Each structure stands twice: as C-alpha cells, then as structure tokens.
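What follows is a set of notes on a single structure, which appears directly below.
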Amino acid sequence: MREPNKPLGLPLTPLAPKATAEHAEHGAPDVPVPAATGASVGHDTHDDHMVHTQGQHAGHSTAMFKNRFWLTLALAVPVVYFSPMFAHLLGYMPPEFPGTAWIPPVLGTAIFVYGGMPFLMGGLKEMKARQPGMMLLIGMAISVAFVASWVTSLGIGGFDLDFWWELALLVAIMLLGHWIEMRALGSAQGALDALAALLPDVAERITDVGTETVSVAELRAGDLVLVRSGARMPADGTVTDGTAEFDESMITGESKTLTRSAGDPVVAGTVATDNTVRVRVTAVGDDTALAGIQRLVAEAQASSSRAQALADRAAAFLFFFAAAAGIITFITWTLLGSVPDAVTRTVTVLVIACPHALGLAIPVVIAISTEQAARAGVLIKNRMALERMRTIDVVLFDKTGTLTKGEPELKDASAVEGTSRDELLALAAAVESDSEHPVAQAIVRAAQHQGLRIPRATGFTSMTGRGVRATVEGRTLAVGGPALLRESGTTEPAKLAVSTRGWMDRGASVLHVIDGDRILGAVSVEDAVRDESRQAVAALQSRGIRVAMVTGDARQVAQSVAAELDIDEVFAEVLPADKDKKVAELQARGLKVAMVGDGVNDSPALARAEVGIAIGAGTDVAMESAGVVLAGNDPRAVLSMVDLSRASYRKMWQNLVWATGYNVLAVPLAAGVLAFAGVVLSPAAGAVLMSASTIVVALNAQLLRRVKLNPSRVR
C-alpha cells in the first residue's frame with residue numbers, strides 16, 4: 001500500500017481538456033451534454049508486453065509466444081522436409097549430402113528446447129500443482145516424441161519412431177495457438193493507467209509571495225491551489241474564491257457541467273471550463289475520489305471469476321486418458337511377450353494424445369469471432385467476455401450517452417398569447433446564436449431545422465448560472481432557467497405554467513424567453529433517447545434477456561426514459577460508487593450481468609459484471625475496464641455480441657468434441673486393441689490423422705463467417 005500522500009503509482013499523462021464554454025450560463029442543471037468525443041477504441045499498445053500472472057500463461061507475454069512461434073516455424077520447415085517418415089508418406093526423396101541425416105535431430109532438438117520450453121515449464125507447474133491441463137499434455141507429448149526420435153536417430157533398439165517432423169509441427173502449432181489465444185485476452189492494467197491519466201502532472205500552489213509550480217506529489221491537505229480555465233483539478237478540494245463551471249463527466253458519468261463557487265467541493269481529475277478558481281486541498285493521493293474509483297476497478301477486476309478455458313478441461317481429461325492408455329498398452333504388450341511392440345505402441349499413444357486440433361480448437365474460433373465482431377463494430381478485448389455473453393440474464397445500461405444521445409435536444413416550446421411558437425423559437429435562437437453552450441446550440445439547431453428566419457442579435461452577454469442576454473431587433477431579450485426568473489421577479493402565466501410543470505415532471509430542463517419584465521414563452525430541452533435503443537431493448541427481451549437501466553439522474557428523468565423504452569428495472573439517483581453495487585445486487589439475485597456504460601464511474605461496474613461493454617464514444621477508462629467495446633454508439637451492437645457468443649460457443653464445443661473424440665478413437669487403435677483383427681494404427685498414420693484433425697477444426701471454425709452481425713437488422 002502506498003503512503004497516503006504519494007502520487008498514484010502509474011504513469012500520469014494529462015488528457016487534453018475538452019473545448020467547452022459557458023457550460024452553465026443557462027442555469028439548467030438537468031441537461032446532460034456529451035461526456036467525451038473522439039475516444040480511441042483500441043488500446044493494443046500493451047499487447048506485446050502483456051504478462052499474465054495466473055493460469056497456464058503465468059509469466060508469459062504475448063511477444064514471447066509470437067517470437068518463439070516464428071523462429072520455431074523457420075526451423076520446422078527443414079526438419080519436416082528432411083524427415084524420412086514425412087518423405088516416405090508423401091513419396092519424395094529429399095536431397096542427400098554429408099550431414100543430411102542430422103538436420104532433423106539437430107534442429108528438432110533446438111525446437112524442443114527453445115519452442116517447447118514454455119510448455120515444459122508450464123507442464124512442470126501443473127504437475128506440481130496437481131492440476132494437469134494443456135501445458136502438461138503438450139509437454140508430455142513433445143518429451144516422448146523427443147526421446148523416441150533420438151533413440152531412433154541413434155539406432156538404439158532398432159525402433160522406427162522418427163517423430164522429429166511431428167515434434168516440430170506440434171510445437172509450432174501449439175505456439176501459434178497460444179499466441180492467438182493471448183492476443184484475445186484483455187489487459188486489466190489499461191483501466192488503471194487511464195484513470196491515473198486523468199490527473200495532471202503539476203499544480204499551481206499559492207504561497208505568501210505568489211504562485212509556484214509543483215509536482216502533484218508535493219501537494220498536501222490544506223494547500224491552496226490555483227486552477228485556471230481549462231485545467232484539471234490536481235486533488236480533491238473546496239473552492240475558496242471564484243466561480244466556475246466544472247466538467248465532472250469523467251467522474252460522475254453525467255455530462256452536464258456544474259457551477260462550483262466558494263464552499264463547494266471539487267474532485268481531482270475534473271475540469272474548470274470557463275473561469276479560474278482558488279481551491280483548498282482536502283485530499284490527495286489515495287484519499288481522493290479518483291483513487292477510490294481506481295481501487296474499485298482493481299477490486300472488481302480481481303473479484304471477477306476466471307473460469308478455466310474449455311480446452312484446459314478437455315486437456316486434463318486427455319492427459320489422464322492418455323497416461324492410463326499408455327500404461328495399459330505397455331503392460332499388455334509386454335505380457336504378450338513383445339517388448340519392442342510395447343515400446344512402439346506406448347510411444348505412439350503418448351505422442352498422438354495431444355492433437356494439434358485441441359490446441360487450435362478455441363483460439364481459431366476466438367480469432368474468427370473477433371474479426372466478425374470488429375466488422376459489426378464490436379471490439380472483443382477479453383475472450384471470457386465472448387464465452388460469458390451467451391449466459392447473460394440481464395443487460396444493465398447506463399442511461400446518459402448509452403441509451404440516450406448524451407446531448408441536449410429541443411423537445412417542445414410553448415408561447416404566451418400574442419406570440420407564436422415559431423416567433424418564440426426564432427427569438428430564442430437569435431439570443432443563443434453567439435453561445436457555444438450545448439443547450440444554446442440545440443435551440444439554434446431546432447430553429448434551423450424548422451426553417452425559421454433567425455434575426456440578428458447584438459450585445460450578447462453571458463450571465464453565469466442564470467442565462468444569456470442579447471438585443472434582437474431593438475428588444476433586450478433574455479433566455480435562462482429558474483434563477484433568471486427569480487432575478488427578474490417575473491411570474492409565469494397560469495397556462496404556460498401547466499406546460500412547463502409537465503416538462504419538469506418528466507425531467508426536462510425549462511428555459512424561459514423574457515422580454516424586459518414580460519415572459520414570451522418557454523422551451524424544454526431534454527437528453528434525446530436514441531432510436532436504436534428501442535430496437536435494442538425489444539430485441540434483448542425477445543431473446544429472454546431482461547433489460548435494466550442505471551443513472552445518477554433524478555427518478556422522474558429515469559422513469560420517463562424507462563417508460564419510453566419499456567425497460568424492466570430502473571436504478572435512479574445512483575451515486576458514482578454505487579453503480580458497482582447495483583451490479584453486485586443483481587448478481588446476488590443469481591443473475592448474470594452484462595453492464596453497458598461510457599463514464600469513469602461506470603468502470604468498476606464494467607469490471608465487476610460478467611461482461612463489461614463500453615460505448616465507443618465513452619471515456620478511455622470505461623473502455624479499458626470493459627471486456628467488449630462498441631466502436632460506435634449503437635446499443636443494438638449488444639445483440640451482435642449475444643448472437644456471436646452463442647454461435648461461437650457452439651463452434652468451440654464442436655471443435656472440442658472433434659478433437660477429443662478423435663483421441664478417444666485413435667488412441668485405442670494406436671494401442672493395438674484391434675491388432676488381433678489385423679487393424680494396427682502405425683506411428684506415421686497416427687501422426688497424419690492428428691494433422692488432419694487440425695484441418696477439420698479450422699474448416700469448422702470458418703463456418704462462423706456465415707453469422708450475420710448487422711446491428712441495423714436486429715430482430
């Protein structure tokens with residue numbers, strides 16, 4: 001555990017602040033604006049350095065398997081070509097020159113030592129742990145092939161057990177399979193890196209003689225810091241002087257900005273968008289809210305189950321099956337008085353017990369599934385997410401930016417007597433035309449979309465927390481929220497109040513247009529529900545999957561969206577840390593949960609859920625915490641994940657059944673159970689059949705390409 005005042009123990013790379021301005025000039029607190037834009041979808045820069053600390057890949061990086069595969073493949077080509085057994089099978093004569101006979105043994109030994117080392121070490125660990133799996137099965141096969149081949153090459157005992165070519169191909173294919181598999185695995189560390197990147201490197205600390213630039217690590221509780229417009233908060237604190245609009249979307253997940261003035265708390269990582277403020281530091285390092293979320297992500301990722309791969313379970317079965325078959329074969333043939341046959345049959349059984357197909361059964365399916373998903377806008381970062389998606393009982397959507405667009409949209413307008421609706425909207429757009437606030441832009445867009453003539457405005461003035469004012473055709477007009485009404489002392493006409501009350505009841509933000517001391521009317525602005533969300537919810541429910549929604553918004557806002565989408569369950573007014581708890585609550589009911597979100601506060605929930613799905617336009621942290629990333633903002637892509645998961649799981653089982661079933665039939669034949677009938681599986685024939693099983697598995701996996709994953713055609 002780090003000392004409380006030490007910086008987060010990760011690289012701190014400040015993110016560029018979003019270009020925002022006048023974010024709360026209207027005093028309309030219920031309208032969310034976009035959380036993030038242009039977030040990158042893939043973070044594969046760590047791929048070649050990714051190290052796994054658990055399971056069969058403990059201590060192995062993707063780069064290690066990749067490098068060993070390519071060198072092993074290069075060495076395997078001459079081994080196979082100059083192998084007498086392989087040449088005999090294909091009916092060709094390799095060229096002869098001094099030392100030709102030693103090419104397979106020498107290069108085969110190099111392959112065994114260099115390419116086979118990860119499997120030998122992994123098999124040793126599995127044997128010590130008494131948990132046999134794929135590594136031990138591979139290690140046993142290549143060890144037996146290595147010893148038997150050297151015995152044959154040295155002419156000891158007169159055995160014909162030249163397995164050099166089979167040893168070379170087996171090691172190369174298994175390295176390829178593990179390389180493919182590890183590339184499909186997700187890296188948890190990326191989420192913690194992205195969280196740490198929300199903090200700046202330095203801060204401006206205020207002293208008795210001015211300001212000084214210091215490292216964030218040097219800040220202490222009680223320090224006074226200066227946070228300029230566009231800068232990120234270096235620590236948690238309380239505003240002591242000044243007023244600014246803070247973009248807290250990276251922490252709250254809700255994209256509206258909030259006004260923070262003297263006495264208000266501010267959080268590390270958030271952005272002061274329009275003004276400079278002075279802040280008294282209250283928490284640094286591990287004590288900040290951001291560090292708390294970071295711990296939640298780490299804990300949730302650690303608590304996620306790591307189900308053993310299907311191939312490992314099949315490998316464990318085959319290990320015991322092959323070991324038992326080998327022992328029985330050797331004893332039986334020895335008792336029959338043929339020790340040479342006993343050795344030959346036993347070696348053949350042990351070598352072909354590890355089919356190439358088993359090593360590729362899962363990785364090939366994952367590779368094709370990943371490719372198919374990418375074409376449908378779904379990036380699979382964690383192979384277990386693909387397997388688990390078929391078992392999901394409920395999909396929990398974050399509201400803002402996921403089911404909704406995450407940006408304000410004009411929904412309605414109501415004018416008082418003497419003013420038409422079109423005139424009201426045109427005047428409001430004129431006043432707002434010089435504002436960069438998303439609410440203002442929504443009003444202007446609506447007027448333009450309706451083809452209204454927008455008058456020219458002059459003398460634009462922003463009134464922080466209240467609204468904006470401008471002169472339009474000689475009239476001084478103002479547009480703003482409740483604070484503007486209170487300041488102007490005007491009262492809504494009763495008829496208008498009926499409309500605005502209904503808007504507010506469903507969670508809309510209401511902006512009034514005021515001419516002097518007279519209200520001309522009001523407009524409502526809401527976070528627009530995506531049209532695709534309706535299809536996504538209906539399609540999930542038709543597949544027997546429940547749909548739930550979680551949001552930090554007020555209950556009436558959440559209920560309005562839920563009613564519009566016919567969502568099964570709603571969690572409203574949820575604090576950032578509690579989204580993780582809502583996932584745990586659903587899991588406590590025995591439900592398997594897929595979480596779909598886009599904010600930093602969604603990260604712990606994304607990590608804890610059986611499947612975490614990040615919306616592509618969301619934050620880097622959310623995407624790093626998730627096992628699946630939707631490259632776009634279309635929630636219907638979740639259906640692609642469900643359909644692909646079910647299809648790929650069927651292919652995995654089909655491949656495993658073939659690979660395992662092949663052994664169940666081939667091993668007894670190699671052992672000679674039908675020798676009395678003249679049916680004997682020679683070592684060469686066994687090796688050929690083992691390679692043929694790989695072709696069957698590869699072709700079967702290719703059938704996944706027929707699965708159509710077009711989100712626009714969901715049913």
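Bear in mind that the values here come from a model prediction, so they are computed numbers and not experimental data.
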Please identify each residue that fulfils side-chain contact (heavy atoms from CB on, under 4.5 Å) with [X], with sequence neighbours left out.
X: Q448; value: V444, I454
X: S524; value: K411, D412, W503, R506, A508, E526
X: S261; value: T243, D264
X: R705; value: I368, E371, Q372, Q702

- Item | Pair E610, T391: side-chain N/O donor-acceptor within cut-off below 3.5 Å |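 Per modelled atom types, E610 and T391 side chains form no pair under 3.5 Å.
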- Verify whether one side chain among H512 and E492 offers a donor that lies under 3.5 Å from an acceptor in the other.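 Short answer, yes.
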Tell me if a side-chain donor or acceptor on [X] pairs with a main-chain N or O of [Y] at a distance below 3.5 Å.
X: D515; Y: L477; value: no
X: S462; Y: V468; value: no
X: T270; Y: V267; value: yes

- Query: Taking it one step at a time, do D527 and V557 satisfy side-chain contact (heavy atoms from CB on, under 4.5 Å)?
  - Reply: CA-CA 10 Å; D527 185 9; V557 179; over 6 Å; no
Contacts of [X] that satisfy side-chain hydrogen bond (donor to acceptor under 3.5 Å, both in side chains) - sequence neighbours left out:
X: D568; value: Q541
X: D566; value: none
X: R390; value: Y649
X: T490; value: S488

Got a sec, which residues hit salt bridge (Lys or Arg N to Asp or Glu O under 4.0 Å) with [X], two or more places apart in sequence or on another chain?
X: R589; answer: E569, E585
X: R534; answer: D531, E564
X: K581; answer: D578
X: E487; answer: R466

- Does any non-hydrogen side-chain atom of S414 lie less than 4.5 Å from one of T500?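 Of all side-chain heavy-atom pairs linking S414 with T500, none is under 4.5 Å.
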